[in-house]
2 protein chains.
Amino acid sequence: MASIKDIAKRAGVSISTVSYALNGNSKVTKETADRILKIAEELQYVPHAAARLLKTKKSYMIGIFLKDFSGSFYGDLLQGVKEYLSLQGYDLLVCSGQRSRRLLPEKMIDGAIVLDESFPTTDVLQYADQGHKIIVLDRELQHPNISQVLLDNQAGAALAIEYLMEQGHQHFYIVTGPKHTYDAEQRLHAARKTLTRNGITDWVELDGDFTKQTGITAAEHIVAHYTKPCAVFCLNDEMAAGVHHYVKHSSPYIIGEQISVIGFDHTELSQFIEPALATIYYSMRKWGTIASQQLLKVIGNETVENERIYVSLVPGSSVANIADHT
Amino acid sequence: MASIKDIAKRAGVSISTVSYALNGNSKVTKETADRILKIAEELQYVPHAAARLLKTKKSYMIGIFLKDFSGSFYGDLLQGVKEYLSLQGYDLLVCSGQRSRRLLPEKMIDGAIVLDESFPTTDVLQYADQGHKIIVLDRELQHPNISQVLLDNQAGAALAIEYLMEQGHQHFYIVTGPKHTYDAEQRLHAARKTLTRNGITDWVELDGDFTKQTGITAAEHIVAHYTKPCAVFCLNDEMAAGVHHYVKHSSPYIIGEQISVIGFDHTELSQFIEPALATIYYSMRKWGTIASQQLLKVIGNETVENERIYVSLVPGSSVANIADHT
DNA sequence: TTGTAAGCGTTATCAC
DNA sequence: GTGATAACGCTTACAA
């Protein structure tokens, strides 16, 4: 494990000269620099990241904190983050779990992107107070060292409900998401508001937690109490897939006829199932790109505005048009 | 940003006493230790990871290197790795891309798990030569610092082909995977061998690269040349989903009747589509767990045997039983 | 039981 | 242009 000291010895120069040469400092003559570089090559020299970091206080690594690694949910988001950071000379570390959160205060990473509701807000704020730069994707926080890049959940939920109404629906179910998570709460809030604003009172809320299983459980209830055509707004696609599956295989009803379903997130799954799931689309990749842009700006001490990721409706035959039937 | 120096000053002791207290060394009296701990708390002291690493040469971080973050493919694998490592006091960093590969030689991580065919074998070997510990999930390598945990692709492919034959099939397609990737090559090799061993010569290989799109392209070919019932072995589920989709929506044929399909990997998708996709199952989570167990053993300088992850057949109605028709 | 001091591998500020 | 040397924050003999 060669260090600059070894190189210095071999080249017959001092370690500072080696350091300069390695970092392309023009102080050192091209000749000695070349000689040093060659020796470094021979010795398979690799700088010791921790030592450099200790001195420079810049790791050029960014951490993104996720609740877990499950599902295909984050693939494109990560891809977006990674590509942008890579372009800017930063590395991405994907982290999950309590322990890894210490990477930020321990200064292993230059900044963090948080999409993990189990990451306590008090900790986020404390780190920010200590001068660490953070982008939050899952909560609203006002702090000079924190910036937000949030989904426009409210618009999405409104779009979903309005679409169902346009198709003639009047009887609704909402399958909710995990408590105390930003996206789920926002979606639920906007769905209620949109229904109410349109004078609709006939809706039932069923508990969900964004898993397929709770979609199935919700569907059991809906099927058991079925009396008339209804529309189900699942606060994410995964639950919508659960509803879809149960209705299709364990009920006499047909998705897109008696029972309509719409989801949220436009996951790959939603486009595979049949009939195709109506859902709310947004670009995961863009979300990631913008979040990382913001983070690097914050790190560079630029002031940034909070950003919002816009969403759009993807119609699907999982929603019946019953406008004529009313 | 408090350091042990600040704590020492405040507590009126030396930095070594602080260090001892912080690390629970019994040398220091409970009283002073408590006092120091309390001050550390007040000052919101967090150790500087790089400084500690520089001295101890142990980061207690493990890196797993993936080709990309796409798809839901790795979720359970990562979960398995993370959980085991966490139990053992290690942190997991999920990495992708060239730059991050330097984490290993730069000693930021104590070991690596590689599942990324674009990670050059020469680099892997070089790092191993330099004393770094590595587990490979995607190639066969003999080196004291490297251990392998490989899927039993050959058994899986044989199971798939045998299943198709049991169901009476005699006319085959194989949709292949990306060139030069271990899993794809192994699967293809075993499929050919199994067919040949059973005296079957009627099969056609169509190029694929594990994406849905190449499944669709393959399906176009199969449909265009359709003359008699046939069975398609896709070397992964994603392509099988592509075949499935195309046949279902853009051909007069029916999956599980004229055209049978079997995949590999037992992805979530495979169980959502209809008719359910026959496929080859293995536990991603177990793969991850075993890989991380092996890695920690290698790091602890234990010698380990290479491991294999076993697979099993998951029948599905995507495969027709045409035994009676022959 | 506590303090002193060396050292981990770099970078960076000075002299020379 | 090059070389000592201090410093980054921590651990750990060794001394007191």
Side-chain angles (χ1 to χ4, degrees), chain A residues 1-37 39-40 43-61 102-110 130-132, chain B residues 1-37 39-40 43-61 102-110 130-132:
Chain A
M1 298 287 77
S3 74
I4 53 171
K5 212 182 276 180
D6 302 307
I7 301 179
K9 208 174 295 173
R10 270 249 241 174
V13 298
S14 75
I15 56 163
S16 41
T17 307
V18 175
S19 178
Y20 287 136
L22 256 21
N23 293 310
N25 190 312
S26 56
K27 283 175 164 181
V28 57
T29 31
K30 190 168 180 321
E31 289 165 14
T32 43
D34 282 349
R35 191 159 48 89
I36 288 170
L37 256 28
I39 294 176
L43 262 38
Q44 298 196 103
Y45 168 76
V46 182
H48 192 300
R52 196 196 316 101
L53 170 56
L54 184 58
K55 189 68 196 176
T56 63
K57 299 172 177 338
K58 280 282 288 179
S59 68
Y60 290 97
M61 300 197 296
R102 308 192 323 146
L103 289 175
L104 189 60
E106 288 188 348
K107 303 201 184 63
M108 281 267 79
I109 53 182
D110 295 345
Q130 293 168 8
H132 297 111
Chain B
M1 298 286 79
S3 75
I4 52 171
K5 211 182 277 180
D6 303 308
I7 302 179
K9 206 173 296 172
R10 272 250 239 173
V13 297
S14 75
I15 59 165
S16 50
T17 307
V18 175
S19 177
Y20 288 136
L22 255 24
N23 292 310
N25 191 313
S26 56
K27 284 173 163 181
V28 56
T29 30
K30 191 167 180 318
E31 288 165 13
T32 44
D34 283 348
R35 192 159 48 89
I36 289 170
L37 257 28
I39 294 176
L43 262 39
Q44 298 196 103
Y45 169 76
V46 182
H48 193 300
R52 194 192 322 101
L53 169 56
L54 185 58
K55 188 71 194 174
T56 63
K57 297 172 179 339
K58 280 283 286 181
S59 69
Y60 291 95
M61 301 196 296
R102 308 191 322 148
L103 290 175
L104 190 60
E106 288 188 348
K107 301 201 184 65
M108 280 268 82
I109 53 181
D110 295 345
Q130 293 168 7
H132 297 112

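Chain naming here is simple, since letters A, B, ... match the order of the sequence lines and numbering starts at 1 in each.
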If we only count heavy atoms from C-beta on, is the [X] to [Y] side-chain gap below 4.5 Å?
{"X": "B:Val13", "Y": "B:Arg35", "value": "yes"}
{"X": "B:Asp110", "Y": "B:Lys58", "value": "yes"}
{"X": "A:Lys5", "Y": "A:Val18", "value": "no"}
{"X": "B:His132", "Y": "B:Lys107", "value": "yes"}
{"X": "A:Pro105", "Y": "A:Gln130", "value": "yes"}

Residues B:Ser19 and B:Ser16: side-chain donor-acceptor under 3.5 angstrom |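 Absent: no donor and acceptor within the cut-off.
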
Is the distance from OP1 or OP2 of C:dT2 to the nearest side-chain N or O of B:Thr32 less than 4.0 Å?
->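 Looking at the OP1 and OP2 atoms of C:dT2, one of them is under 4.0 Å from a side-chain N or O of B:Thr32.
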
How would nucleotides 6-13 of chain C be written as a contact map, 5' to 3', with B for base contact, S for sugar-phosphate-only contact and - for no contact, using protein heavy atoms under 4.0 Å?
-> -BBBBBBB

Shortest non-hydrogen contact from A:Thr17 to A:Ile36?
->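 Looks like CG2-CD1, 3.9 Å.
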
Describe, as an angle rounded to 10 degrees, how the axis at the first end of the helix from C:dT1-D:dA16 to C:dC16-D:dG1 is tilted relative to the axis at the last end, five pairs per end.
->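 Rounded to the nearest 10 degrees, the bend comes out at 50°.
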
Pairs meeting criterion salt bridge (charged side-chain N to carboxylate O under 4.0 Å, His left out) with involvement of residues 10-30 of chain B, two or more places apart =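 Those involving residues 10-30 of chain B are B:Arg10-B:Glu42, B:Lys30-B:Asp34.
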
Taking only residues two or more places apart in sequence or in another chain, which ones pass side chain to side chain contact (heavy atoms under 4.5 Å, CB included) with B:Asp6?
->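 Partners of B:Asp6 under the side chain to side chain contact (heavy atoms under 4.5 Å, CB included) test: B:Ala2, B:Ser3, B:Leu43.
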
Which two nucleotides bound the region of DNA chain D that has atoms under 4.0 Å from heavy atoms of chain B, read 5' to 3'?
->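 Using the under 4.0 Å cut-off, the span is D:dC8 to D:dC14.
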
What side-chain donor-acceptor pairs closer than 3.5 Å can you find for residues 45-52 of chain B, not counting sequence neighbours?
unit_1  : atom_1 : unit_2   : atom_2 : d
B:His48 : ND1    : B:Ala50  : N      : 3.2
B:His48 : ND1    : B:Ala51  : N      : 3.4
B:Arg52 : NH2    : A:Glu106 : OE2    : 3.3

